[in-house]
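Here is the structure we will look at, set down as structure tokens.
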Amino acid sequence: MDVTIKVNGRERTASVAAETTLLSLLRDSLDLPGAKLGCDVGDCGACTVLVDGMSVNACLMLAAQVQDRDVTTIEGLGDYDHLHPLQAVFEQESSFQCGFCAPGMIISAKALLDENPKPTEYEIREALSGNLCRCTGYTKIIEAIMDVSGQSASHADSKSA
Amino acid sequence: MAPKVDVKERTKPLESLKQADDGPVPAVLRDIGHGLLPLTPEVNKQTPAVGQRVTRPDSRPHVLGKTVYIDDMTFPDMLYTKILRSEYAHAKILSIDVSEAEKMPGVVATLTGKEIPVVTFGPSYQDQPLLADDKVRHMGDGVVAVAAETEQQAQDALAKIKVEYEPLETVLDPLEAMKDSAPKIHGDSNIYATKTIKKGDVDQALADADYVFEGQFKTQMVEHVPLEPHASIALWEPTGDLHVYSSLGRITLGRADIARTLDMPMNRIRVTATIVGGNFGGKNEITLEPILALLAKKTGRPVKGVFTREDEFISSTTRHPFVMDYTTGVTKDGIIVARKVRIVCDGGAYCSWSETTLGKGAILSVGPYNIDNIKVEASAVYTTKTTTGAMRGFGAPQVCFAYESHMDDIARELGIEPLEIRLKNAFHEGSDSPTGQVLESVVVKESLEIAAEKFGWQEGKGKTNSNKRRGQGIACMWYPIGFTVLANSSAAVVKVNEDGTATVLTGTVETGQGSLTVLGQIAAEELGIAADDIKVVSADTDTTPMDTGAIASRTTYVTGNAILLAAKKAKMILFDTAAPMLGVKPEQLEARDRKIQVKNFPQKALSIGDVALQAQFVNGQPALGSASFNPHTVAMDPETGQGKPFGTYVYATQIAEVDVDEETGEVEVLRIVAAHDCGTPINPALVEGQVEGGISMGVGLALYEEMLFDDNGKQINPNLTNYIMPTSLDMPEVEVHIVDSYDPTGPFGAKGVGEPTSVPTAACIMNAIYDAVGVRITSLPATAEKVLKAIQERDQAQPKQIAS
């Protein structure tokens with residue numbers, strides 16, 4: 001079957017099997033490998049993308065369900081010379097380590113800030129609770145989102161003692 | 001027979017040919033615009049490079065979603081592999097029939113263990129099969145691999161494979177497995193490694209002690225859960241060479257294992273690692289690589305294999321469960337005079353890194369305390385469970401949980417404050433370790449004092465909040481850098497470019513820990529240039545030199561030292577070149593602020609680029625250096641364990657504040673104050689990141705994570721739905737303090753920080769739970785159910801007191 005979606009502002013069509021997930025459509029048919037496959041059952045959030053502005057696990061959605069809908073992946077946020085403010089702050093604060101969770105984490109953060117430009121720390125934690133990270137303890141990710149939303153994070157920066 | 005070739009000697013000495021001509025040195029345009037490069041923060045351009053919060057060179061690809069992990073790579077005509085795993089935890093394989101599977105749509109080839117030239121591998125003993133060929137020893141054992149046009153087709157074909165098994169008796173408990181009556185998993189005994197450490201006369205000292213305390217502590221099996229599952233791709237080049245792309249954290253030894261199992265020379269195998277999506281010790285072993293290579297050979301096509309999340313749980317290595325018995329003799333003043341420890345390590349179905357874990361665990365089990373009379377006896381035992389191997393801390397989080405829980409129990413009985421009893425017994429500069437090593441750059445007391453001060457140790461005890469009771473707990477630890485005695489070498493090459501920038505070649509792998517950043521800062525510092533002036537090229541066995549890998553918290557110390565030495569050699573060439581140009585001796589020069597300059601006369605200087613050009617074009621001596629570093633160790637005596645197993649150690653304290661709900665048993669960790677020594681922090685931001693991440697892993701070990709098995713040895717929670725790891729909601733507020741220390745043997749005084757960050761976390765949380773509700777949790781994890789049961793037992797043992 002043919003599926004046509006608007007992804008990162010471009011209309012794209014691919015021919016896929018009926019059981020194809022949105023994640024597979026993006027990664028395997030549309031050359032958009034930014035969203036990652038970490039568990040394939042919606043537990044880890046590495047595949048998070050926006051569908052009509054809402055964050056979803058792309059591994060849990062069928063490609064057919066996004067027909068004619070608007071999809072934003074990490075590739076649609078910024079490019080090398082023009083980082084999205086979230087991308088810039090995460091880079092600046094060394095928020096990520098292995099980076100595998102980064103695409104999903106950034107998309108979840110964007111979904112939150114689009115809805116709620118000044119979230120509390122708890123709201124940030126809640127918004128990221130579907131995105132697992134094994135490296136960072138989430139700390140620098142949460143701090144970066146506080147910072148980019150113009151709020152001073154409860155910085156736990158090290159002091160040489 | 002090959003014809004005899006007569007090789008004539010060169011008649012002209014090579015030295016005479018090396019003279020460069022008198023032509024002008026090519027002009028290299030400097031200060032060209034950097035408009036095509038990202039705007040990086042000023043710190044990336046500053047000297048000195050060491051100590052700066054330089055941003056990571058891998059951050060830009062990460063935030064753009066452009067980092068290429070193995071599963072993001074495809075090659076034309078590539079096939080996909082899936083593995084059929086065992087139906088039994090212990091069984092003989094009587095027959096394997098793949099004929100029906102091979103007829104399935106899309107299936108191109110299958111592979112069994114019998115087809116692998118050397119089927120077994122392993123870092124200590126080669127006891128682990130790539131695919132089980134005669135016997136399965138746990139349910140994660142692979143039996144048949146299938147390569148098909150799509151992953152789904154490969155998966156579907158697995159159901160058509162017929163394997164006939166003769167089931168054997170299983171043994172899941174390590175204490176049971178030690179008994180003579182237990183079924184034997186390999187050979188005649190299930191005890192496959194033992195370690196002994198002896199010092200003084202422990203029995204006499206226990207007899208003489210004012211008090212003797214005993215305690216038993218147990219830990220659980222835990223999975224690394226890297227977000228990126230294990231993945232690799234194998235393809236054969238038209239030259240006949242094998243190229244493997246892999247998520248391995250240690251490519252040099254990975255290549256050695258691939259060469260051994262395929263019976264191939266190393267120069268014909270190229271292993272390229274990408275940025276690895278999390279390691280934590282779990283990606284230090286080959287898994288699919290030789291299997292994919294053989295399937296690629298059979299089919300003439302590239303073959304990819306990616307673990308499913310279930311494969312990660314049931315088939316990759318895990319953290320060892322420990323059973324630990326402590327007997328400790330103390331004076332009435334709280335001075336520890338004797339300690340006896342017995343450790344039984346559940347070694348799973350194969351050895352993997354158990355021997356190393358056992359050794360490290362045994363040494364560290366005594367704790368960071370001055371104890372004159374010691375006896376540690378540790379055994380690793382086979383069970384028919386998932387293989388246990390290297391995982392962040394190599395046994396240290398297990399023993400720290402035991403010795404620090406035990407310490408609080410002793411303190412309470414003696415009426416001594418937990419901080420005070422630790423300060424009384426803690427190592428000091430020059431302390432004699434359990435193996436008789438004189439310890440240097442020891443800051444365990446400093447870490448205790450700093451953590452206590454920053455936390456406000458005296459304040460906030462026993463606060464109540466409806467059903468919740470608040471508590472605080474402290475734990476300190478020591479941890480070594482590098483392997484236990486084992487050779488532990490890294491090599492590095494540093495090349496100075498003709499514009500004064502430099503390129504570093506290292507065989508280590510960026511697995512998220514920040515090695516590309518930190519190693520670059522070390523090279524930059526030695527060359528007097530900035531972090532942005534360095535590029536670190538890593539993890540390609542065809543181009544980068546030998547490195548023992550991203551393991552054992554060794555990269556900053558061992559690889560860092562190799563890079564430092566290589567940079568020094570390159571710098572010496574620059575000095576030798578610049579000295580006559582500046583009319584001084586080489587020893588009068590220094591590399592600073594991107595110049596080679598005369599010490600104390602910075603106006604007499606040349607740009608590093610000019611000197612590098614002169615060196616290459618005029619002197620015929622390129623400004624490149626290569627070096628290797630291996631920490632100095634002395635083998636441990638097999639009877640007593642005495643020796644110098646490590647180059648250096650780090651020290652740390654963490655203090656946790658928790659709320660325990662007395663009605664539900666639920667524990668919430670509110671905050672953790674961590675004071676960690678890492679020697680000189682090469683990049684404080686990355687040190688903080690390691691501590692924060694290590695603590696989240698420690699919280700998981702403490703409260704949530706446990707791989708559970710049914711009576712047949714089948715894992716019942718091999719997924720992230722039922723295996724609970726910390727989310728952003730579970731992570732406490734973390735405050736990181738870097739304890740000032742300097743190790744003269746480390747690069748610019750640095751030691752390391754990766755693993756120790758998760759070592760004291762579970763211990764301090766357990767002590768905080770005790771402080772809150774007066775129950776001692778002796779087995780991890782402290783699930784709500786377990787804590788509630790302990791609270792109920794407490795209430796049965798003594799009438800409930802009114803909360804004060």
Side-chain angles (χ1 to χ4, degrees), chain A residues 19 27-28 33-41 43-44 46 73-75 77-81 83-84 86-88 90-103 106 122 124-142 154 156-161, chain B residues 38 41 53 55-56 58-69 71-72 224-229 275-280 308-309 450 454 511-514 675 681 684-689 692-697 719-721 725-729 731 733-740:
Chain A
E19 68 272 20
R27 290 181 57 83
D28 305 329
K36 302 295 174 215
L37 180 82
C39 70
D40 216 12
V41 290
D43 286 330
C44 78
T73 71
I74 186 69
E75 289 96 336
L77 251 61
D79 62 32
Y80 187 83
D81 296 315
L83 295 181
H84 183 279
L86 272 168
Q87 293 171 317
F90 285 132
E91 176 181 305
Q92 183 74 36
E93 301 190 9
S94 297
S95 297
F96 295 112
Q97 293 179 23
C98 85
F100 201 80
C101 74
I106 293 171
Y122 184 78
I124 295 171
R125 286 173 182 262
E126 255 192 333
L128 302 182
S129 63
N131 294 84
L132 295 179
C133 170
R134 194 57 153 172
C135 297
T136 66
Y138 309 97
T139 311
K140 289 202 185 312
I141 297 169
I142 296 166
S154 57
D157 283 349
S158 63
K159 299 129 193 127
S160 236
Chain B
R53 304 172 75 89
T55 60
R56 305 170 60 115
D58 46 341
S59 268
R60 183 67 54 102
H62 283 347
V63 300
L64 291 169
K66 295 283 189 192
T67 302
V68 179
Y69 304 90
D71 196 25
D72 300 328
H224 305 83
V225 198
L227 260 281
E228 178 208 26
I275 300 277
V276 174
N279 177 2
F280 318 112
T308 62
R309 188 52 64 184
I450 289 163
K454 302 293 179 187
T511 67
Q513 78 281 46
L686 300 197
V687 173
E688 289 159 18
E692 290 153 0
I695 284 174
S696 79
M697 231 171 204
N719 53 63
L720 294 169
T721 314
M725 63 172 261
T727 71
S728 49
L729 289 169
M731 186 62 188
E733 183 190 322
V734 173
E735 193 178 310
V736 182
H737 297 278
I738 299 174
V739 180
D740 193 24

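Here is the naming used below: chain letters follow the sequence lines, and residue numbers restart at 1 for every chain.
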[X], part contacting chain A, at a heavy-atom distance under 4.5 Å:
X      : answer
B/T308 : neither
B/P726 : both
B/V276 : backbone
B/N279 : neither
B/T721 : both

Of the backbone (N, CA, C, O) and the side chain (C-beta and beyond), which part of [X] lies under 4.5 Å from a heavy atom of chain B, both, or neither?
X      : result
A/L37  : both
A/S129 : both
A/N131 : neither
A/L77  : neither

**Study point:** Atom of B/L227, atom of A/C101 and distance for their closest heavy-atom approach
**Key:** CG-CB, 4.5 Å
Review point. How far apart are the closest heavy atoms of B/G277 and A/C98, and which atoms are they?
Key: C-SG, 3.3 Å
Exercise for review: Kindly indicate, with the supporting measurements, whether the criterion salt bridge (charged side-chain N to carboxylate O under 4.0 Å, His left out) is fulfilled by B/E228 and A/K36.
Suggested key: CA-CA 8 Å; B/E228 178 208 26; A/K36 302 295 174 215; over 6 Å; no
Picking from [options], which has the most non-hydrogen pairs under 4.5 angstrom with chain B?
options                       : value
A/D79, A/V41, A/L128, A/L83   : A/L83
A/D40, A/T73, A/D43           : A/D43
A/A102, A/G34, A/C135, A/P103 : A/C135

Review point. If only atom types and distance count, is the side chain of B/Y69 paired as donor or acceptor with the main-chain N or O of A/G99 below 3.5 Å?
Key: yes
Exercise for review: Answer yes or no: is there a donor N or O on one side and an acceptor on the other, between the side chain of A/R125 and the main chain of B/S728, under 3.5 Å?
Suggested key: yes
Check your understanding: Can a salt bridge be assigned to the pair B/E692 and A/K140 using a cut-off of 4.0 Å between side-chain N and carboxylate O?
Key -> yes
Exercise for review: I would like to know whether A/I142 and A/Y122 meet side chain to side chain contact (heavy atoms under 4.5 Å, CB included); could you show each step before the answer?
Suggested key: CA-CA 9 Å; A/I142 296 166; A/Y122 184 78; over 6 Å; no
Best-contacting candidate, [options], against chain A by heavy atom pairs under 4.5 angstrom:
options                      : result
B/I275, B/D72, B/T55, B/D71  : B/D72
B/S696, B/G693, B/A675       : B/G693
B/L686, B/V225, B/D58, B/L64 : B/L64

Check your understanding: Between the side chains of B/Q513 and B/T511, is a donor N or O closer than 3.5 angstrom to an acceptor N or O?
Key -> yes
Check your understanding: Say you draw a straight line from CZ of B/R53 to CD of B/E688; how long is it, rounded to the nearest 0.5 Å?
Key -> 4.0 Å
Check your understanding: Under 30°, 30 to 60°, or over 60°: which ring-plane class applies to A/F90 and A/F96, parallel, tilted or perpendicular?
Key -> tilted
